[in-house]
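To keep things clear, I will list the structure first and then write my remarks on it.
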Amino acid sequence: MENLYALGLAVIVISWFLQYLSVTPKKQDFSPLFLVFYSLGTAVLVWISYISGSPLTALLNLGAFILPVAILLKLRK
């Protein structure tokens, strides 16, 4: 179970690294790649929290999943 937590957090760290690389003084928007990877990482954390019997943590992680997906959808319009 601990390895799956680490996987979710590793994907989130990768997403932040991709976001860091995409930011320049002239371009400071969210990278769609960041939003995809961040959402994937939080989706893993939602699933792990749910199956481990922690509904509050799963709910909080679900919020962390929904918000970047909403931003990604808004950027696509």
Side-chain angles (χ1 to χ4, degrees):
M1 190 75 67
E2 186 176 324
N3 291 337
L4 293 176
Y5 280 116
L7 173 65
L9 291 173
V11 173
I12 290 171
V13 168
I14 290 167
S15 71
W16 276 111
F17 183 71
L18 293 171
Q19 178 65 25
Y20 173 78
L21 293 177
S22 74
V23 171
T24 65
K26 294 183 181 181
K27 181 181 174 238
Q28 299 178 356
D29 298 328
F30 280 113
S31 163
L33 198 55
F34 161 75
L35 295 168
V36 168
F37 274 90
Y38 191 88
S39 297
L40 288 173
T42 56
V44 170
L45 294 179
V46 168
W47 181 65
I48 296 304
S49 298
Y50 179 76
I51 66 171
S52 68
S54 181
L56 178 59
T57 304
L59 186 62
L60 292 171
N61 283 320
L62 183 61
F65 168 76
I66 290 172
L67 291 172
V69 169
I71 293 170
L72 185 60
L73 293 173
K74 191 173 186 178
L75 289 175
R76 297 279 180 195
K77 291 185 180 182

(message) Working note: Ser22 + Phe30, criterion side-chain contact (heavy atoms from CB on, under 4.5 Å); need CA distance, chi angles, decisive distance, verdict.
(response) CA-CA 8 Å; Ser22 74; Phe30 280 113; over 6 Å; no

Give the cluster check for [X] versus [Y]: same hydrophobic cluster or not, with ILVMFWY residues linked at side-chain heavy-atom distances below 4.5 Å.
X: Leu67; Y: Tyr38; value: no
X: Val69; Y: Ile71; value: no
X: Phe65; Y: Leu40; value: no
X: Val36; Y: Leu73; value: no
X: Trp47; Y: Val11; value: yes

Search all heavy atoms of [X] against all heavy atoms of [Y] and return the closest pair with its distance.
X: Leu62; Y: Val46; answer: N-CG2, 3.2 Å
X: Leu35; Y: Ser39; answer: O-OG, 2.8 Å
X: Thr57; Y: Ser49; answer: CG2-OG, 3.3 Å

(message) Could you list the cluster mates of Tyr20? Members are the ILVMFWY residues connected by side-chain heavy atoms closer than 4.5 Å, either directly or through other members.
(response) Phe17, Leu21

(request) Under the side-chain contact (heavy atoms from CB on, under 4.5 Å) rule, what do Val44 and Asn61 come out as? Steps first, then yes or no, please. (result) CA-CA 9 Å; Val44 170; Asn61 283 320; over 6 Å; no

(request) Can you sort out the partners of Leu18 under side-chain contact (heavy atoms from CB on, under 4.5 Å), two or more places apart, ordered by chain and number? (result)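 For Leu18, the residues satisfying side-chain contact (heavy atoms from CB on, under 4.5 Å) (neighbours in sequence not counted) are Ile14, Leu33, Phe37.
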
Is there side-chain contact between [X] and [Y], with heavy atoms separated by less than 4.5 Å?
X: Leu72; Y: Pro32; value: yes
X: Pro68; Y: Phe34; value: no
X: Val23; Y: Asp29; value: no

(request) Drop me the distance from Leu60's CG to Thr42's OG1, to the nearest 0.5 angstrom. (result) 12.0 Å

